[in-house]
2 protein chains.
Amino acid sequence: MKKILVIGAGLSSSYLIKYLLANAKKENWEITIADQSIELAKQKIGKAKNATALAFNITNETERKAAIKNTDLVVSLLPPTLHILAAKECIAYKKHLVTASYVSDEMKSLDEAAKKADVLFLNEIGLDPGIDHLSAMEMIHKIEDKKGEIISFKSFCGGLIAPEFDNNPWNYKFTWNPRNVVLAGQATAKYLENGLLKFIPPNRIFSQTETVNVVNYGAFESYANRDSLGYIEPYGLQNAKTVLRGTLRKKGFSQSWNLLVKLGLTDDSYTLTNNKNLTYRSLVTSFISGANEKNVEEKFCQFFDLSKNSKDFKRIKWLGLFENKTIELNNATPAQILQQLLQQKWSLENSDLDMIVMKHEIEYSINNKKHKANSTLIVKGEDKTYTAMSKTVGLPMAIATKLILQNKIKARGVVIPITQEFYQPILHELAKNGIQFIVE
Amino acid sequence: MKKILVIGAGLSSSYLIKYLLANAKKENWEITIADQSIELAKQKIGKAKNATALAFNITNETERKAAIKNTDLVVSLLPPTLHILAAKECIAYKKHLVTASYVSDEMKSLDEAAKKADVLFLNEIGLDPGIDHLSAMEMIHKIEDKKGEIISFKSFCGGLIAPEFDNNPWNYKFTWNPRNVVLAGQATAKYLENGLLKFIPPNRIFSQTETVNVVNYGAFESYANRDSLGYIEPYGLQNAKTVLRGTLRKKGFSQSWNLLVKLGLTDDSYTLTNNKNLTYRSLVTSFISGANEKNVEEKFCQFFDLSKNSKDFKRIKWLGLFENKTIELNNATPAQILQQLLQQKWSLENSDLDMIVMKHEIEYSINNKKHKANSTLIVKGEDKTYTAMSKTVGLPMAIATKLILQNKIKARGVVIPITQEFYQPILHELAKNGIQFIVE
């Protein structure tokens, strides 16, 4: 009998918990679902056996110690900054830990202690980071096995609306954390291009996109992620001339989004005070010199050199930014106001399904002959609970959990899943669950 | 006999100390010049009598208490964040305090205690803030005395190179803190325009300039300051439709500076690591996708849609940004690298004189008839020590000090100089010292 403690029963846990419950009997697991809301935990368990709901607050030391002492492995779905609380108890009580978050400096500093305790702290085992590591490393190792040398590595990922439900001019709906979407691109992006270090400052991130074609799904575009350089060392790409990671949107999105950036609506650094009677129309007027509430559409088009028939203008207008509607937020930043509006406009309807698109584009040479390897993943959601995002984040965590408890993983310490012992079995089982890359 | 303690004997103190020393005998003052470097303090005193140099560290409590206890008035030329250390002792020992800095929240919180101690904490009595307050309030009160109603208030100020010594394509040299110049415009500017609140986000500050003509000195341009709205209440401009404050440069500067902003060279949020062999040319190359060290000039022009004969391109080139010269800074931000380069290119030569330009443009109505009032100040430096900046910052502080010690100022508490008891005598004496506004 092995015990698993899952901390967090929110939206992203749906698929993870479903998998764990489905395998509990066969694997002889006893599962505890811990959440601040015991109702939420109970709901996720439903009528399943081998599972208990636990009312739990990670910041309560007594609760934390008791729960972690009494398990074999902790799966933490906590906000990234709180993982460390669980991690320290996992050192003390010698328990494995699984998270889908980036390795923080604090987490990294526990590497030696985790090795000493003979436990594995597996991080970055969700979608992005997660499935990107697994699939990229499988491709990279295959090329290296053929004595290929990688020249260019590009990797793109986006959480989008499935095309069957794509019914707005932005071709986008929120399928994940809206705040992250609104605040994207606010730091300089760094990548490698033809052997040269390249930077894109925030004011140009959404105007320097590249086209990414996806078989059967048409043209997407990618804007550069903050740090592509950090992947060079773990992926062994020291000889590559180009290393770029980007976020996918449907073609045209970024150019229109850039208008919101230029306007100033993604600014999160100051709050608008006394804005009880502020409307979206007056807010936009505030950002255009010379505009007043009568002529704001004309001034907007003049300012950005747009026609009223342009897709860009239609997208902005569709959001309701020119409407005389009161903004129901006080003392909020422009970014918070924009987010609240977008959450109304870009929300998933009940029947909507989301879609994950991931694509790796690799160029390599063997004996000076150039080759290409492309690999694409498309995953669609099953319903509003079992979304593509929840599936692609939760399943890798769940499968890794199983492998660890089966003693099939030898790694110890603070680890990300870039070695064969992770990608081979996990990609294999993901494929059986419909998460399969198409190799072009 | 009255005692004055001047804390700080750096560049900006030259004119202040000169004035205090010149008036010491007549006013029966005993002056202490305190600085971490007693040599600097001694140098400023020269052969003058009635003055003593003091080796002094504001963070040393014993030194601080002893010096402040033993004076009647403290003039603090400390960095703005350190004024508060002097201010708290001034409360304890009931001494007046004079600074040229903006009133911080911490300083503001001492208002009641200062009133209770029956002392004056006079802040914002330099150039900008300082002379701007004095001259604007005199104009505003004159208009109000005529029953005029102010419709529009615009105020501009710039520290520049005098035209006789203006010999570079930017028409600019550093005459004050270079770091502030490099980091200018990185927060959203807020102002009032035709009755509407207006914002300019950082990405547009240097492209939304307005022309300011100065008699005999030609066309300047102004980019908006961070907060023009904060002047509405103290200046009594609640009925004005337009309130704007801006920073002056010679025409064309901002458009070229904007290229540096767009390129990413004013970014102070991350450091470039391992850049021992980085050259200015390779740094610029890093900021342009598709550029390499052979074609960077062409790609730069393509990227910004410029001709190589344009003034903009010539200004960038003149800075040496395309030169294969090693950058002598490691682990520095782009902004720090840019600043170091500009300090070489925009430095004052020994014979160079600086120039202050300040202009207020007011529109007002009397009985529905519109009127204009313009007022312009030009001050040129005398030499490298007695610069226009040192004169216009130091003299108002020095004159205010005299008035306070003569018991001619009734105000108590934490105050800025916006009332007649300040502007009338101080502007009068400034005029006698060559700091005189020209009314158009």
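The sequence lines fix the lettering, A, B, ..., with proteins before strands; numbering per chain opens at 1.
- Contact annotation for Tyr270(B): only side-chain heavy atoms (C-beta onward) come within less than 4.5 Å of a heavy atom of chain A.
- Interatomic distance, Phe199(A) CZ to Leu272(B) CG, rounded to the nearest 0.5 Å: 4.5 Å.
- Note that OG of Ser289(A) is 8.5 Å distant from CD of Glu210(B), once rounded to the nearest 0.5 Å.
- Between chain A and the options Glu293(B), Gln208(B), Glu193(B), the largest number of non-hydrogen pairs under 4.5 Å is found for Glu193(B).
- Ranked by non-hydrogen atom pairs under 4.5 Å with chain A, the options Ser269(B), Ala291(B), Gly195(B), Pro334(B) are led by Ala291(B).
- We find the OG-NZ distance between Ser286(B) and Lys190(A) to be 11.0 Å, quoted to the nearest 0.5 Å.
- Here the side chains of Lys262(B) and Pro201(A) are not in contact, with every heavy-atom distance at 4.5 Å or above.
- The minimum heavy-atom distance between Thr188(B) and Asp267(A), with the atom names listed, is OG1-OD2, 2.7 Å.
- The environment of CD in Glu233(A) is sparse: at most 12 heavy-atom neighbours from other residues, nucleotides or ligands sit within 6.0 Å.
- Residue Gln255(B) qualifies as open at atom CD: its count of foreign heavy atoms under 6.0 Å is 12 or below.
- Annotation for Asp305(B): atom CG does not count as buried by contact number, only 12 or fewer foreign heavy atoms lying within 6.0 Å.
- Remark: Lys311(A) NZ is loosely packed, at most 12 non-hydrogen atoms of other residues, nucleotides or ligands lying under 6.0 Å away.
- With a 6.0 Å radius and a threshold of 12 heavy atoms from other residues, nucleotides or ligands, Lys317(A) has its NZ atom at or below the threshold.
- Scanning all heavy atoms of the two residues, the minimum distance from Asn203(B) to Val261(A) falls at ND2-O, 3.3 Å.
- Interface summary for chain B: among Pro202(A), Ser282(A), Gly290(A), the most heavy-atom pairs under 4.5 angstrom belong to Gly290(A).
- Neither the backbone nor the side chain of Ile200(B) comes within contact range of chain A, judged by heavy atoms closer than 4.5 Å.
- In this structure, Lys241(B) places its NZ atom where only 12 or fewer heavy-atom neighbours from other residues, nucleotides or ligands lie under 6.0 Å away.
- Heavy atoms from other residues, nucleotides or ligands lying under 6.0 Å from CZ of Arg315(B) number more than 12.
- A donor-acceptor contact shorter than 3.5 Å links the side chain of Lys198(B) to the backbone of Ile288(A).
- At least one donor-acceptor pair under 3.5 Å links the side chain of Arg204(B) to the backbone N or O of Leu263(A).
- When heavy atoms are compared at a cutoff of 4.5 Å, Asn194(B) does not approach chain A at all.
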